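Below, all heavy atoms of this structure are taken into account, side chains as well, without hydrogens, waters or symmetry copies. The model shown is predicted, which means the values in this text are computed figures rather than measured ones.
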Amino acid sequence: MTGKERREQLLAIGRALFAERGFEGTSVEEIAHQAGVSKPVVYEHFGGKEGLYAVVVDREMQRLLDMVTGALTGGHPRELLEQAAFALLDYIEQSTDGFRILVRDSPVAQSTGTFASLISDIATQVEDILGREFEQRGFDPKLASLYAQALVGMVALTGQWWLDAQRPAKAEVAAHLVNLSWNGLSGLEPRPRLIGHREN
């Protein structure tokens, strides 16, 4: 196995263990044992458990950010909201281990920040969309950042709940999230539907 292949193997094993047991519940010994190597090999590649964990978190944060930014392809502002909701729910569904790692609290300080800072980065992109919409409707565009944080936070927390509940279906979860955020509590539609073409 090449050094690069060994590094990727250790990352995959570490990712699975961190998702299952958390940072504190995972040991270098176990990572090394599952990889069929000695502990010094793990230290050689990552400097220890903290270094391995930091790389895993950085990769997951980048993957989630890429999925959200790639999903915002334009269209009606409500459809952009749908796209953002689906992107986060897609990430949760496709990268369950990664999402579990990101939302867990860890004593390790990562150079790229935390899940909260990632959510804040996504909210900044949503803020631009909301700011334009606020201006067109005569609302104060300075409030766009507050609404962006609220919207993205709502989707992220609902995603955590949905990961465990696994129902209703993803499209229905997205429709209800958009219903609440687009119509507000006073204007909720009794049977929300997506206006985009996506059904799952």
Side-chain angles (χ1 to χ4, degrees), residues 1-26 28 31 34-35 42-75 79-130 145 148-164 170 173-174 177 198 200:
M1 191 176 283
T2 67
K4 184 177 180 182
E5 290 170 337
R6 177 67 69 198
R7 181 178 171 84
E8 291 304 315
Q9 177 202 31
L10 293 170
L11 283 167
I13 290 168
R15 182 178 182 272
L17 289 171
F18 291 136
E20 180 184 340
R21 300 182 183 159
F23 178 80
E24 293 298 330
T26 301
V28 172
I31 294 166
Q34 286 197 20
V42 177
Y43 287 106
E44 177 186 323
H45 282 277
F46 299 101
K49 180 172 75 168
E50 293 83 2
L52 175 60
Y53 184 83
V55 173
V56 168
V57 169
D58 285 348
R59 283 185 173 191
E60 290 303 323
M61 289 177 69
Q62 190 59 55
R63 180 172 184 204
L64 175 55
L65 189 58
D66 290 347
M67 286 181 77
V68 172
T69 56
L72 300 176
T73 58
E79 196 165 3
L80 286 168
L81 189 56
E82 290 176 10
Q83 293 165 356
F86 263 117
L88 183 57
L89 294 172
D90 283 344
Y91 172 79
I92 291 168
E93 186 176 64
Q94 295 168 17
S95 188
T96 301
D97 282 354
F99 185 72
R100 287 189 194 282
I101 291 166
L102 290 180
V103 298
R104 272 205 175 107
D105 290 329
S106 169
V108 179
Q110 293 92 39
S111 59
T112 56
T114 62
F115 184 65
S117 68
L118 176 65
I119 292 299
S120 185
D121 290 346
I122 294 168
T124 299
Q125 296 181 26
V126 173
E127 179 183 339
D128 294 336
I129 296 163
L130 286 179
S145 61
Q149 291 289 332
L151 289 171
V152 173
M154 177 182 69
V155 174
L157 286 175
T158 303
Q160 284 182 264
W161 166 81
W162 181 70
L163 177 61
D164 293 326
K170 182 171 44 174
V173 172
L177 283 167
R198 184 154 172 188
N200 61 18

Going by side-chain contact (heavy atoms from CB on, under 4.5 Å), name the residues that satisfy it together with [X], two or more places apart in sequence or in a different chain.
| X | value |
| --- | --- |
| Leu163 | Ile92, Thr96, Phe99, Arg100, Gln166 |
| Ala35 | Gln9, Leu10, Ile13, Val37 |
| Glu44 | none |
| Thr124 | none |

Mind checking the CG-CE spacing from Leu88 to Met154? Nearest 0.5 Å is all I need.
->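 It is 11.0 Å, given to the nearest 0.5 Å.
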Between atom CD1 of Ile31 and atom CG of Leu52, what is the distance when rounded to the nearest 0.5 Å?
->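 One finds 5.0 Å between CD1 of Ile31 and CG of Leu52.
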Hey, could you give me each pair passing salt bridge (charged side-chain N to carboxylate O under 4.0 Å, His left out) that has a residue in residues 86-96? Not counting sequence neighbours.
->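 Listed by first then second residue: Asp90-Lys170, Asp90-Arg198, Glu93-Lys170.
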Those residues that, when tested against [X], pass side-chain hydrogen bond (donor to acceptor under 3.5 Å, both in side chains) (two or more places apart):
| X | value |
| --- | --- |
| Asp66 | Gln62 |
| Glu127 | none |
| Ser95 | Arg15, Glu60, Arg63 |
| Gln83 | Thr73 |

Show your reasoning for whether side chain to side chain contact (heavy atoms under 4.5 Å, CB included) applies to Phe46 and Leu11.
-> CA-CA 10 Å; Phe46 299 101; Leu11 283 167; 3.6 Å; yes
Closest approach of [X] to [Y] (non-hydrogen atoms, all atoms of both residues):
| X | Y | value |
| --- | --- | --- |
| Val68 | Ala87 | CA-CB, 3.7 Å |
| Glu50 | Phe23 | CG-CZ, 3.8 Å |
| Arg7 | His45 | NH1-O, 3.2 Å |

Evaluate the side-chain proximity of Trp162 to Leu177: yes if any heavy-atom separation is below 4.5 Å, no if none is.
->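 In short, these two side chains do not touch, never coming nearer than 4.5 Å.
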Residues forming a salt bridge (Lys or Arg N to Asp or Glu O under 4.0 Å) with Arg59, sequence neighbours excluded =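 In terms of salt bridge (Lys or Arg N to Asp or Glu O under 4.0 Å), with neighbours along the sequence ignored, Arg59 is linked to Glu8.
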Pair Asp97-Phe18, side chain to side chain contact (heavy atoms under 4.5 Å, CB included): steps then yes or no | CA-CA 8 Å; Asp97 282 354; Phe18 291 136; over 6 Å; no
Results of ring pair (Phe, Tyr, Trp, His ring centres under 6.0 Å) for Phe86 - residues two or more places apart only |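 Testing Phe86 for ring pair (Phe, Tyr, Trp, His ring centres under 6.0 Å), a comparison that skips the adjacent residues, returns none.
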